[in-house]
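One structure is given here, and the rest of the page talks about it.
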Amino acid sequence: MLRILILIVLILPWFSWSQAADIDKEYFSVAYVRLPSHPILNENERTYNVSSTIDETVGNLISETAISNDIQIQGFRREEVAPKIHVKLNLSSFLIDPQSFSIDSKLIEVKDDDGNVVRSYYVYRYLFSYKVRGGYMVENPFELKMENNLDRVEKYASDYFNSKQEAYAHYDVNKEEIKEEILYNFVEYVSYRIDDIINSAFGYRPYKTNAYLWILDSRNNPLTEPQKTEFSKVKAIMSGINHEAPIEETREALSPIVEAFEQMANQIEGDSRRERKVKFACLYNCAILSYYMDIPSQAIKYAEMIFPLKYSDTDAEELINTASDLDKILAANMVDSRRMVVPIDEKFNEVEVEEVSSFAYLVTVENDTLIANMNYQDLAMVGAEAKVYLPDENGNLKLNIFNAADLKELVFDENNIYVQKEFISYKNNPRAKLPEKYLVRKEFETEELSMYAFLDDEVVFFIKDEEVGYSNRSYKFLMGFKNELKKFTGSCSKVNELIDKNYYKNNTASLRSFIEDVVYCE
């Protein structure tokens, strides 16, 4: 009997590692300065100016000040005399084609809870074509060619009205305001695009966002609690750090945690896919923490250790490329860290650096690309809507709230890419009967089967060629979990066997393991 007990104890760790390998993304805050690709090393020479040439057909609708104040190079002073960087803008014409004006109709059907049409009616909107011509040129000491024409030929579509007469009347009364709106959107597009281009090349941009580690979420895995303990330390350390904090303090605090994850990786001796998955997570965490300690050579070392595992080579390659880019940019700027004090030009700084933390790229359903400012804290609320900041007519940032139905995509950074998907969200509306459009974060995408996260803890599956997704919070999922999972397994009998053995749980980490097992049929 004693021999049997000893055998069970010896087998238990191996069994746990091989049978329980759900890993989840656990987020922590990071702060640093985005360094320029073409730095002006002498701080006293970091000066710039912005000038505009505006055609008279445009000048009476939008001010030159509103345009030029949108563009600021962070870490630079604005000087009108002999600036090192000179941005020149032009808006040469704005034309509306009167022959293109038309009225469009749409049928609206109101349905009851059983899907029967109980009422139908038409609504109307007006459309017309317009053309805006503009461009920019950036004079710089590096002789970089930075100029482009940014002409836009688009079709304007109004909101819907109850009658054609109401649509005509709205345009007649509001046509000047509509022209201003069109120009405002164009100037916003141009100025924010230029702002991003010149700051990438020359600016020192304080930046704060979220990064993540892969942390075990399996109760019976012996490494789960140690990993969660180390992550709690990371989260506490990084939460109080801004872009000015000395990097030496961060390195001293995180180095023992990197060593702990490496030791965990060394404890895993098996070669099953789940064991390789846990080892991958440990080494990935070592590489990520090394990257945010601004030690790119160490990040590359840990990333290269992932390749022999034959698990997620893509992640390893991305880690190596990212760390290599960091190594090059540190060398170009002649610094050993991205942490530093960035001088603020008080005269033109309309928004506090800590208030608005990053650019976000938005693609609307009309295929317009907007470059907005966005607080990284607001990422947690992206779902039914998205909060971003766009410049008003005076060039100051103003809060804008976009409905999910109006956006195709929102890109904050490489870890936070949101796309519009249609499904019934039982978190947003537990009594919903019909699917709605939401913004969901990409988690796992393949041609056949994909997984997204809605407001972090609602998981949505999409099957190829199906327009409506499946939420893990639906009544069917909660009450018939096994049967719902088998809708996605296809011909993978191995995964069906695991489902019958209650291996998968209805949470994000376990469902991510499930979708990986289906795709790789393991």
Measuring only between side-chain heavy atoms, which start at C-beta, is S474 closer than 4.5 Å to I424?
no
Please determine whether side-chain contact (heavy atoms from CB on, under 4.5 Å) holds for the pair I71 and I198, giving the CA-CA distance in whole Å, both sets of side-chain angles, and the decisive distance to 0.1 Å.
CA-CA 9 Å; I71 300 171; I198 60 177; 3.4 Å; yes
Give every residue pair that meets the salt bridge (Lys or Arg N to Asp or Glu O under 4.0 Å) criterion with at least one member in residues 234-243, sequence neighbours excluded.
none
Which residues pass the side-chain hydrogen bond (donor to acceptor under 3.5 Å, both in side chains) test with H38, sequence neighbours left out?
none
Side chain to side chain, K208 and N242, heavy atoms closer than 4.5 Å:
no
Describe, in one word, how the ring planes of Y126 and F101 are oriented to each other, choosing from parallel (under 30°), tilted (30 to 60°) and perpendicular (over 60°).
parallel
Could you pull out all donor-acceptor pairs under 3.5 Å where a side-chain atom in residues 319-326 meets a protein atom, sequence neighbours excluded?
residue : atom : partner : partner atom : Å
N321    : ND2  : E317    : O            : 3.3
T322    : OG1  : E318    : O            : 2.8
S324    : OG   : I320    : O            : 2.8

Do D378 and V388 have side chains that approach each other closer than 4.5 Å (heavy atoms only, starting at C-beta)?
no
Measure the shortest side-chain to side-chain distance between I194 and M146 over non-hydrogen atoms and say whether it is less than 4.5 angstrom.
no
Starting at CG of N90, measure out to OG of S52 and round the result to the nearest 0.5 Å.
9.0 Å
Spacing of CD belonging to E385 relative to CG belonging to L407, to within rounding of 0.5 Å:
11.0 Å
Is there a donor-acceptor pair under 3.5 Å between the side chain of N174 and the backbone N or O of H170?
yes
Okay, side chain of N403, backbone of D406: is any donor-acceptor separation there less than 3.5 Å?
no
Verdict with reasoning, I197 to Y136, per side-chain contact (heavy atoms from CB on, under 4.5 Å):
CA-CA 11 Å; I197 290 170; Y136 69 91; 3.4 Å; yes
Test item: N199 side-chain N/O and G203 main-chain N/O as donor-acceptor pair under 3.5 Å
no
Quick one: list whatever passes salt bridge (Lys or Arg N to Asp or Glu O under 4.0 Å) with E484, sequence neighbours left out.
K487
List the atom pairs, with distances to 0.1 Å, where a side-chain N or O of residues 147-155 and a protein N or O form a donor-acceptor pair under 3.5 Å, not counting sequence neighbours.
residue : atom : partner : partner atom : Å
D151    : OD1  : G134    : N            : 3.3
D151    : OD2  : R133    : NE           : 3.4

Gap between atom CG of L370 and atom OG1 of T364 - 0.5 Å precision
6.0 Å
Report yes if some heavy atom in the side chain of V234 is under 4.5 Å from a heavy atom in the side chain of L213; otherwise report no.
yes
Got a sec: does the CD of E466 have more than 12 other heavy atoms crowding it under 6.0 Å?
yes
Any chance CG of N116 has more than 12 other-residue heavy atoms, nucleotides or ligands included, within less than 6.0 Å?
yes
What closest approach, in Å, do P206 and Q74 show between heavy atoms, and which atom pair accounts for it?
CD-OE1, 3.1 Å
Is the side chain of D172 donor-acceptor paired with the backbone N or O of Y168 at a distance under 3.5 Å, no angle test?
no
Could you go through the side-chain contact (heavy atoms from CB on, under 4.5 Å) check for N333 and Y204 one step at a time?
CA-CA 11 Å; N333 283 268; Y204 294 81; 3.4 Å; yes
Return yes if a side-chain donor-acceptor contact under 3.5 Å exists between Y27 and N415, otherwise no.
no
Aromatic contact, Y470 with F488 (centres under 6.0 Å):
yes
List for me each residue that meets salt bridge (Lys or Arg N to Asp or Glu O under 4.0 Å) alongside K228, sequence neighbours excluded, and say none if there are none.
D217
By salt bridge (Lys or Arg N to Asp or Glu O under 4.0 Å), which residues pair with D313, not counting sequence neighbours?
none
Between F461 and F514, does the side-chain contact (heavy atoms from CB on, under 4.5 Å) criterion hold? Intermediate values first, please.
CA-CA 11 Å; F461 290 110; F514 162 73; 4.1 Å; yes
Qualifying salt bridge (Lys or Arg N to Asp or Glu O under 4.0 Å) pairs, either residue in residues 437-447, two or more places apart
K25-E443, R441-E443, R441-D456, K442-E445, E443-R512
Taking the side chain as every heavy atom from C-beta outward, state whether V519 and F444 have any atom pair closer than 4.5 Å.
yes
Are the side chain of D195 and the backbone N or O of Q72 linked by a donor-acceptor pair below 3.5 Å?
yes
Could you pull out all residues at least two apart from K408 that satisfy salt bridge (Lys or Arg N to Asp or Glu O under 4.0 Å)?
none
Rounded at 0.5 Å granularity, tell me how far OG in S290 sits from CG in N285.
10.5 Å
So, for A380 and L455, which heavy atoms are closest and what is the spacing to 0.1 Å?
O-CD2, 3.6 Å
Whether the side chain of Q420 engages the backbone of A405 through a donor-acceptor N/O pair (distance < 3.5 Å, no angle test) should be reported.
yes
Please report whether the ring centroid of Y171 lies less than 6.0 Å from that of F128.
yes
Is the Lys NZ or Arg CZ of R338 less than 6.0 Å from the centre of Y291's six-membered ring, within 45° of the axis?
yes
Tell me, please, which residues at least two apart from Y418 pass ring-ring contact (aromatic ring centres under 6.0 Å, His included).
none
Measure from the side-chain N and O atoms of S163 to the backbone N and O of E166, and report whether any donor-acceptor pair falls under 3.5 Å.
yes
Could you work out, with side-chain hydrogen bond (donor to acceptor under 3.5 Å, both in side chains) as the rule, every residue matching K486, not counting sequence neighbours?
D500
Does the ring centre of F202 sit less than 6.0 Å away from the ring centre of Y48?
no
Roughly how far, to the nearest 0.5 Å, is the OG atom of S37 from the NZ atom of K328?
12.5 Å
Could you go through Y361 and D196, starting from their C-alpha distance and side-chain angles, then the distance that decides it, and tell me whether this counts as side-chain hydrogen bond (donor to acceptor under 3.5 Å, both in side chains)?
CA-CA 11 Å; Y361 296 86; D196 190 41; 2.2 Å; yes
Atom of A404, atom of L439 and distance for their closest heavy-atom approach
CB-N, 3.7 Å
For S513 and K277, which heavy atoms make the closest approach, and how far apart are they?
OG-NZ, 2.7 Å
From F423 atom CZ to R473 atom CZ, the distance as rounded to the nearest 0.5 Å:
11.0 Å
Answer yes if the side chains of Y504 and D517 hold a donor-acceptor pair under 3.5 Å, and no otherwise.
yes
For I288 and Y212, work out which heavy atoms get closest and say how close.
CG2-O, 4.0 Å
Nearest heavy-atom pair of A372 and L390: which atoms, and what distance?
CB-CD2, 3.4 Å
Under 3.5 Å: donor-acceptor pair, side chain of S510, backbone of N507:
no
Please collect all salt bridge (Lys or Arg N to Asp or Glu O under 4.0 Å) contacts where either partner lies in residues 87-106, sequence neighbours excluded, each pair once.
K88-E139, D104-R125
Output yes when a side-chain donor or acceptor of N506 lies under 3.5 Å from a complementary backbone atom of N472, and no otherwise.
yes
